[in-house]
Participant: 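Here it is, the structure, as structure tokens.
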Amino acid sequence: MSSIKIEFAVQMTCQNCVNTIKNTLSNVNGIQNVDISLERGTVVVDSELPYSLIQEKIESTGKKAVFKGYGGSESYSAVSMLGGNSGYSFGESAKGVIRFAQIDKGCIIDGTIDGLSPGAHGLHIHECGDISRGCESVGDHFNPHNSPHGGPDDESSKRHMGDLGNIIADDSGRVRFRILDHLLNVPEIIGRSLVITEKADDFGKGDSPTSKIDGNSGNKLVCGIIARSSGLFQNTKQICACDGLTLWDERNRSIDDQKTNSKNP
């Protein structure tokens with residue numbers, strides 16, 4: 001798996017904070033380099049791990065962390081918010097965040113989703129960025145070359161561009177993943193939709209007619225529009241222009257909303 005730089009804003013007040021975070025991250029396999037700036041309040045990690053895992057490691061030190069940028073300063077990045085207030089989820093149970101970053105070898109897809117049933121679920125990009133009717137208005141799989149349905153390891157002539165394979169939820173309903181797709185190009189998927197399906201994708205290998213269309217992956221469970229996001233050092237926001245909240249207040253409000261929603265399913 002390719003390594004990539006990930007930038008976090010972290011509340012640090014002294015050199016001891018810097019040392020604690022550096023020591024914590026230096027002991028994690030899969031992290032190649034850690035660059036911490038007390039003056040800017042940033043932690044930049046060069047890693048092959050999911051960004052949410054690194055964020056949890058930083059916050060295990062007692063310091064708050066907010067994701068800021070992914071990839072390189074000149075690379076394309078995108079994000080899809082699944083379920084919650086920004087996306088759509090059948091039954092309003094599943095939600096998560098999926099990030100995309102373009103590198104020389106292809107596109108890194110990095111995400112964490114909660115609220116799924118344990119087991120395998122199909123992961124697909126659909127052609128339309130329209131969730132006005134939930135996941136039923138996102139159109140077909142993104143398939144610019146008019147190819148049959150397939151799996152992520154198939155050649156472009158044997159898979160849809162949007163065929164990203166399966167993700168596996170654990171017994172708690174959580175899936176955390178980071179994959180590299182060699183065909184996907186971030187500028188081509190911005191404005192489209194990302195969908196998680198009810199069942200596993202059979203990669204077009206099944207006997208039924210729908211296998212060549214959607215991999216027999218069943219109903220669409222959760223979806224979100226893919227939007228452009230900040231690359232490395234591109235997100236300078238400290239205060240949200242819409243409501244005047246600092247990024248730390250914004251983070252706390254998001255956590256409070258998640259707790260409220262979990263109590264009122």
Side-chain angles (χ1 to χ4, degrees), residues 1 3-71 77 79-87 94-101 108-116 167 169-178 229-240 243 245-263:
M1 175 61 70
S3 182
I4 196 169
K5 290 184 177 180
I6 311 170
E7 179 188 12
F8 299 92
V10 181
Q11 281 190 316
M12 298 177 287
T13 57
C14 62
Q15 187 60 38
N16 284 339
C17 299
V18 173
N19 295 339
T20 299
I21 294 170
K22 195 170 189 69
N23 289 337
T24 298
L25 296 180
S26 296
N27 294 324
V28 178
N29 290 331
I31 292 180
Q32 280 70 51
N33 187 57
V34 180
D35 183 11
I36 303 176
S37 171
L38 178 60
E39 180 182 3
R40 295 192 302 270
T42 60
V43 175
V44 178
V45 180
D46 194 346
S47 177
E48 57 190 32
L49 300 175
Y51 79 92
S52 60
L53 178 60
I54 298 171
Q55 185 171 359
E56 288 178 7
K57 294 294 184 183
I58 294 172
E59 295 197 334
S60 72
T61 67
K63 304 301 177 184
K64 296 177 181 177
V66 173
F67 176 92
K68 293 197 74 175
Y70 203 5
S77 299
V79 63
S80 181
M81 311 291 288
L82 304 181
N85 296 326
S86 301
K95 58 178 64 70
V97 180
I98 312 297
R99 298 190 180 276
F100 304 83
I108 289 178
I109 308 163
D110 181 344
T112 301
I113 306 167
D114 290 295
L116 296 172
I167 52 177
D170 62 20
D171 290 341
S172 72
R174 163 169 278 204
V175 55
R176 177 156 38 202
F177 64 94
R178 189 175 188 270
S229 65
S230 298
L232 208 65
F233 310 129
Q234 292 179 345
N235 183 358
T236 59
K237 183 181 79 171
Q238 296 296 327
I239 297 177
C240 181
D243 53 20
L245 292 177
T246 68
L247 60 86
W248 305 112
D249 292 333
E250 201 173 26
R251 172 190 178 279
N252 291 337
R253 185 172 68 176
S254 176
I255 293 174
D256 289 340
D257 288 345
Q258 290 177 19
K259 290 179 179 178
T260 300
N261 291 336
S262 66
K263 292 177 181 178

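Computed from a predicted structure; not experimentally measured.
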Participant: Which residue, Ile21, Thr42, Val18, forms the side-chain contact (heavy atoms from CB on, under 4.5 Å) with Val10?
Facilitator: Ile21
Participant: Main chain of Gly30, side chain of Ser47: is a donor-acceptor contact present, judged purely on distance under 3.5 Å?
Facilitator: yes
Participant: Applying side-chain contact (heavy atoms from CB on, under 4.5 Å) between Arg178 and each of Thr112, Ile4, Leu49, report the one that passes.
Facilitator: Ile4
Participant: Apply side chain to side chain donor-acceptor pair (under 3.5 Å) to Ser172 and list each qualifying residue two or more places apart in sequence or on a separate chain.
Facilitator: Asp170
Participant: What closest approach, in Å, do Gly111 and Ile98 show between heavy atoms, and which atom pair accounts for it?
Facilitator: CA-CD1, 3.6 Å
Participant: Tell me, please, which residues at least two apart from Asp46 pass side chain to side chain donor-acceptor pair (under 3.5 Å).
Facilitator: Ser3
Participant: Would you find a donor on one side and an acceptor on the other, under 3.5 Å apart, between the side chain of Lys5 and the backbone of Val44?
Facilitator: no
Participant: Could you grab the distance from atom CD1 of Ile6 to atom CD of Glu48, nearest 0.5 Å is fine?
Facilitator: 10.5 Å
Participant: Are Tyr70 and Asp110 close enough that some pair of their side-chain heavy atoms sits under 4.5 Å apart?
Facilitator: yes
Participant: How long is the span from the CZ atom in Phe8 to the CD atom in Glu59, to the nearest 0.5 Å?
Facilitator: 9.0 Å
Participant: Test of understanding: with salt bridge (charged side-chain N to carboxylate O under 4.0 Å, His left out), list the residues that count as partners of Arg176, not counting sequence neighbours.
Facilitator: Glu56
Participant: Nearest 0.5 Å, please: how far is CE in Met81 from CZ in Arg99?
Facilitator: 7.0 Å
Participant: Listed by chain and number, what are the side-chain contact (heavy atoms from CB on, under 4.5 Å) partners of Asp171, not counting sequence neighbours?
Facilitator: Pro118
Participant: If you round to the nearest 0.5 Å, how far is CD1 of Ile54 from CG of Leu25?
Facilitator: 7.5 Å
Participant: Quick one: CD on Gln11 to SG on Cys17, what's the gap to the nearest 0.5 Å?
Facilitator: 10.0 Å
Participant: Would you list the pairs meeting ring pair (Phe, Tyr, Trp, His ring centres under 6.0 Å) in which at least one residue belongs to residues 39-58, sequence neighbours left out?
Facilitator: Tyr51-Phe67
Participant: Going by side chain to side chain donor-acceptor pair (under 3.5 Å), name the residues that satisfy it together with Gln15, two or more places apart in sequence or in a different chain.
Facilitator: Asn19
Participant: Sort and list the pairs that fulfil ring pair (Phe, Tyr, Trp, His ring centres under 6.0 Å) and have at least one residue in residues 16-37, not counting sequence neighbours.
Facilitator: none
Participant: Give every residue pair that meets the ring pair (Phe, Tyr, Trp, His ring centres under 6.0 Å) criterion with at least one member in residues 11-33, sequence neighbours excluded.
Facilitator: none
Participant: Could I get the full list of side-chain contact (heavy atoms from CB on, under 4.5 Å) partners for Thr24, not counting sequence neighbours?
Facilitator: Thr20, Ser60, Thr61
Participant: Could you tell me the separation between the CG atom of Leu116 and the NZ atom of Lys95, rounded to the nearest 0.5 Å?
Facilitator: 10.5 Å
